[in-house]
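One structure is given below, encoded as structure tokens.
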Amino acid sequence: MRGFRDRIAALTATVLLLVLMAVPFLWASRLDAQSGVKQIPVPPPPMGWSSWNSFSNTVNSQIILDEAKAMIDSGMAKAGYQYVNIDEGWWLGERDAQGNIVVPDKSWPALAAGEHAGDMGNIVRAIHALGLKAGIYTDAGMDGCSMYPDLGPAYQHTGSEGHYEQDFLQFAQWGFDYVKVDWCGGDKEKLDPAVQYAEIERAIEKAEVATGRRLYYSLCEWGKNNPWTWAPNVGGAPADIWRTSGDIVAPIVPHQKFSGRLASFPGVLSNFDQGVHPEAQHTGFYNDPDMMVVGMPGLTDAQNRVHMGLWAISGAPLLAGADLTTMSGATRATLTNADVLAVDQDTLGLQGVKAASDGEGLEVWSKALATAGERAVLLLNRTGDPAAITARWSDLGLDPNGSATVKDIWTGKELGSFPSGYSATVQPNDAMMVIVRGSEGRLNTYKPSGGTEVSKGHEVSFAQVSARVPMARVRITYSNPDKTPRYAELRVNGQIATRIAFPPTGSGNSLGAVWVEALVDRSGATNDLHFAAICDSGPTIESIAVE
Ligand code: GLA
């Protein structure tokens with residue numbers, strides 16, 4: 001009798017143990033939080049201002065100083081904007097006998113005692129003295145873009161080809177923190193952007209080692225050569241952004257008021273649409289739909305808010321392009337709204353995706369945020385009539401049976417708690433943007449089919465994976481004991497691979513998690529995910545969890 005009871009007790013314990021072991025694989029997100037796997041914050045997209053949209057080739061020291069000061073006085077710096085970026089037009093293609101860039105004295109005078117004109121270090125010191133960071137611009141080819149007549153004459157040879165190491169070292173020595181590299185010259189010469197931009201990143205790294213300064217890397221080949229397939233981590237960049245479309249405004253045409261600087265709402269929507277490549281946007285790498293035109297001539301205040309909302313839901317770089325010295329109160333409020341900025345800068349680092357469509361032109365965009373159960377949601381009405389649009393919790397990957405609260409980003413009002421979704425009537429060519437706080441939906445956890453270490457010659461593979469939606473969020477639980485990121489590339493179902501950064505997780509085997517979005521597009525449990533090494537040692541990958 002006793003033996004029978006013991007056997008029952010042992011059986012019950014075994015069943016209990018098996019159930020307990022299975023639970024994490026069913027409700028992984030919540031239990032992972034309990035089991036202490038840290039979500040590793042990734043570098044956010046850059047925030048700042050760039051000279052191009054408002055000043056084109058007329059940029060000079062005074063303009064930059066005024067804009068930098070306006071960034072402080074307007075409260076933008078306090079809200080998180082930090083880069084003051086000098087775009088094309090700052091030099092005229094002249095080099096000295098040693099090949100050093102000759103900076104025009106008149107445009108870039110001395111600003112403090114002991115300085116001399118024609119030294120870009122002057123403006124950098126002034127920007128740094130305001131507590132801001134400074135950005136500079138060049139081209140990967142021989143010529144820059146200002147070959148076409150813009151304001152003033154067309155200058156040749158404003159690119160860095162043939163001088164990569166020299167120029168990027170010079171930028172770092174001047175003290176710059178950010179460099180945008182255009183593609184006009186490269187395009188004209190039919191160079192291979194993946195090769196050139198990797199070469200430039202290596203020059204940047206050398207300059208960083210030589211000076212101890214970090215140069216943030218911004219690639220600008222307008223999406224012509226599908227940069228989202230090769231730009232993440234190009235040349236080993238720890239974080240970078242790449243343009244996904246042409247310019248949001250055309251350059252100034254002389255003697256015509258606002259000509260070329262006129263922003264348009266269709267232009268904003270078009271750049272937004274071309275920037276959607278969620279599979280490439282993760283762990284500090286970002287699609288860049290161009291500098292913003294919020295507050296520029298041609299857009300209403302409501303359209304400015306839609307534009308800002310679209311960039312934030314996309315997790316896009318937020319580089320204001322309006323003249324900050326003359327912007328209206330409404331523009332300032334749009335650019336500095338804390339909730340919209342928090343959506344953009346969220347430490348999960350993912351891009352918003354179209355979660356549902358309520359008919360032609362009625363779209364629900366959703367961005368998963370770092371707090372479990374939180375989504376930023378944009379209800380976008382592209383049609384000419386007011387229309388109801390509904391965000392359903394099931395479409396957002398939230399627990400469909402739980403209720404969620406909704407907060408309007410632009411009014412700041414809590415709208416209440418709703419059982420299965422939220423509906424609003426949205427005006428024509430307008431959007432409503434809200435934060436939804438509910439319960440995280442189900443994730444399925446998978447263990448690798450072989451070993452867990454990504455290294456040369458050894459991939460970590462996951463087979464028979466299924467997903468709720470084709471573009472699915474994937475949480476990767478890994479360890480990296482180093483002090484710097486390790487990298488690996490992820491290939492899903494034989495598609496083009498994407499390079500993922502795995503930031504340090506702490507010493508020993510301590511685990512962390514980063515998120516990606518992947519096209520897990522085969523139906524049923526038939527998808528394959530493979531992590532392969534880029535250099536000798538990659539991360540150790542314990543498991544993945546897929547929505
Ligand atoms: C290209 C870029 C713009 C700007 C101009 C400068 O058109 O896309 O963002 O840098 O060049 O000429």
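As the structure lists them, so they are numbered: ligands from 1, and atoms in each ligand from 1. When a residue number appears, it is its place in the shown sequence, counting from 1.
Within ligand 1, the atoms closer than 4.0 Å to a non-hydrogen atom of Lys180 are 3 (C), 4 (C), 9 (O), 10 (O), numbered from 1 in the order shown. Every atom of ligand 1 with a heavy atom of Met291 under 4.0 Å away is listed here by number and element: 9 (O). Counting the atoms of ligand 1 from 1 in the order shown, those under 4.0 Å from a heavy atom of Asp182 are 1 (C), 2 (C), 4 (C), 5 (C), 10 (O), 11 (O). Ligand 1 places these atoms under 4.0 Å from at least one heavy atom of Arg243: 8 (O), 9 (O). Proximity to Trp222 (heavy-atom distance under 4.0 Å) selects the following atoms of ligand 1: 1 (C), 2 (C), 8 (O). Close approach of ligand 1 to Cys220 is summarised as follows: ligand atoms under 4.0 Å from at least one heavy atom of the residue are 2 (C), 8 (O). In summary, the atoms of ligand 1 found under 4.0 Å from a heavy atom of Asp87, numbered by their order in the structure, are 4 (C), 6 (C), 10 (O). Close approach of ligand 1 to Cys145 is summarised as follows: ligand atoms under 4.0 Å from at least one heavy atom of the residue are 1 (C), 11 (O), 12 (O).
Residue contacts with ligand 1 for Cys184 are absent, since no atom lies close enough (heavy atoms, distance under 4.0 Å).
For the pair Asp240 and Val234, the minimum side-chain heavy-atom distance is below 4.5 Å. Using a 4.5 Å heavy-atom cutoff, the side chains of Ile313 and Gln351 are not in contact.
Between Arg382 and Asp273 there is a salt bridge, since at least one side-chain N of the basic residue sits less than 4.0 Å from a carboxylate O of the acidic one.
Under the 3.5 Å distance criterion, the side-chain polar atoms of Gln427 are left unmatched by any main-chain donor or acceptor of Asp430.
Ring-plane geometry between Tyr83 and Tyr178 is classed as tilted, the angle between the planes lying from 30 to 60 degrees on a 0 to 90 degree scale. Taking the six-membered ring for Trp and thresholds of 30 and 60 degrees, Tyr487 and Phe285 have ring planes inclined between 30 and 60 degrees apart. Classified by interplanar angle (parallel below 30°, tilted 30° to 60°, perpendicular above 60°), the ring pair Phe272/Trp365 is perpendicular.
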*salt bridge (charged side-chain N to carboxylate O under 4.0 Å, His left out) between Arg202 and Glu205, intermediate numbers included*: CA-CA 5 Å; Arg202 286 188 278 273; Glu205 219 183 298; over 6 Å; no
*Passes side-chain hydrogen bond (donor to acceptor under 3.5 Å, both in side chains), Asn381 versus Asn429? Steps please.*
CA-CA 5 Å; Asn381 179 1; Asn429 289 306; over 6 Å; no
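The N/O atoms of Glu88, backbone and side chain alike, include one that comes under 3.5 Å of an N/O atom in ligand 1. The shortest N/O to N/O separation between Asp290 and ligand 1 does not fall below 3.5 Å. At under 3.5 Å, not a single nitrogen or oxygen of Asn57, backbone or side chain, sits near a nitrogen or oxygen of ligand 1.
Remark: distances from the non-hydrogen atoms of Tyr137 to ligand 1 include one below 4.0 Å.
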